> 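Take a look at the following structure, please.
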Amino acid sequence: MTANFSVSVQQQDFDVSAELTLLREQSSQVGAIANFVGVVRDINDQQNVATLELEHYPGMTEKSISDIMAQAAERWQLLGGRVIHRIGKLSPGDQIVLVAVSSLHRGEAFAACEFIMDYLKTRAPFWKKELTPDGERWVDARDSDHSAAERWNYSF
């Protein structure tokens with residue numbers, strides 16, 4: 001089974017419903033679509049967050065995400081996948097990331113979606129900076145994010 005994957009790193013917002021419709025229409029075999037939408041929080045580490053700014057390494061970031069999606073397709077029988085990750089300056093409540101995966105059955109879709117998201121939180125080449133009342137600060141993945149990702153035994 002060959003999965004059809006798509007990766008976008010972009011400033012503009014995205015329409016979750018439209019993206020899921022496109023994913024569903026890729027194959028008549030789709031029996032499940034699992035998705036995750038990340039949203040910018042207004043508080044992080046007990047600090048108010050005015051904005052979150054994301055930077056990336058163009059070309060490298062897209063390749064990195066494509067590679068992890070290919071690895072997901074080796075682990076589970078997937079039909080398709082879509083990752084959209086926003087960059088630039090975002091405000092609390094803004095959508096930041098969409099991970100969506102289609103498969104024949106829900107178990108594989110859920111696992112692959114979580115696998116890809118854990119990778120994005122811990123290993124994808126993004127740099128995040130928050131603006132708080134105390135000034136700007138760079139944000140790293142949490143210990144809990146790393147613990148969640150360890151179960152997958154990434155080969156990157």
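Everything quoted here is computed from the prediction, not taken from an experiment.
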> Find the distance between CG (Leu79) and CG (Asn4) and round it off to the nearest 0.5 Å.
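The CG atom of Leu79 sits 10.0 Å away from the CG atom of Asn4.
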
> Around atom NZ of Lys129, are there more than 12 heavy atoms of other residues, nucleotides or ligands at under 6.0 Å?
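Yes, the 6.0 Å shell around NZ holds more than 12 heavy atoms from other groups.
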
> Answer whether the closest heavy-atom distance between the side chains of Asp42 and Val49 falls below 4.5 Å.
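Sidechains of Val49 and Asp42: no contact.
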
> Look only at the side chain of Thr132 and the backbone of Asn48, and say whether a donor-acceptor pair between them is shorter than 3.5 Å.
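Judged by distance alone, no pair lies under 3.5 Å.
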
> For a quick check under 3.5 Å, do Tyr57 and Ser64 share a side-chain donor-acceptor pair by atom type?
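No, Ser64 and Tyr57 have no side-chain donor paired with an acceptor closer than 3.5 Å.
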
> If you measure only the distance, is there a donor-acceptor pair under 3.5 Å linking the side chains of Arg82 and Ser8?
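Looking only at side-chain atoms, Ser8 and Arg82 do form a donor-acceptor pair, the distance falling under 3.5 Å.
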
> Could you grab the distance from atom CD of Gln47 to atom CG of Leu131, nearest 0.5 Å is fine?
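It comes to 10.5 Å.
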
> Keeping the roles fixed (side chain from Glu25, backbone from Leu22), state whether a donor-acceptor pair exists under 3.5 Å.
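No; judged by distance alone, with no hydrogens or angles, the pair does not exist.
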
> Run the salt bridge (Lys or Arg N to Asp or Glu O under 4.0 Å) test against Asp13 and tell me which residues pass, sequence neighbours left out.
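Only Arg86 meet the salt bridge (Lys or Arg N to Asp or Glu O under 4.0 Å) criterion with Asp13.
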
> Check whether any side-chain N or O of Thr51 sits under 3.5 Å from a backbone N or O of Leu90 as a donor-acceptor pair, and report yes or no.
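Between the backbone of Leu90 and the side chain of Thr51 there is no qualifying donor-acceptor contact (under 3.5 Å).
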
> Please find out if less than 6.0 Å separates the ring center of Trp76 from that of Phe115.
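Yes.
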
> Rounded to the nearest 0.5 Å, how far apart are CG of Leu23 and CD of Glu19?
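Here the interatomic distance stands at 9.0 Å.
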
> To the nearest 0.5 angstrom, please state how far the CH2 atom of Trp127 sits from the CG atom of Leu54.
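Reported value, rounded in 0.5 Å steps: 11.0 Å.
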
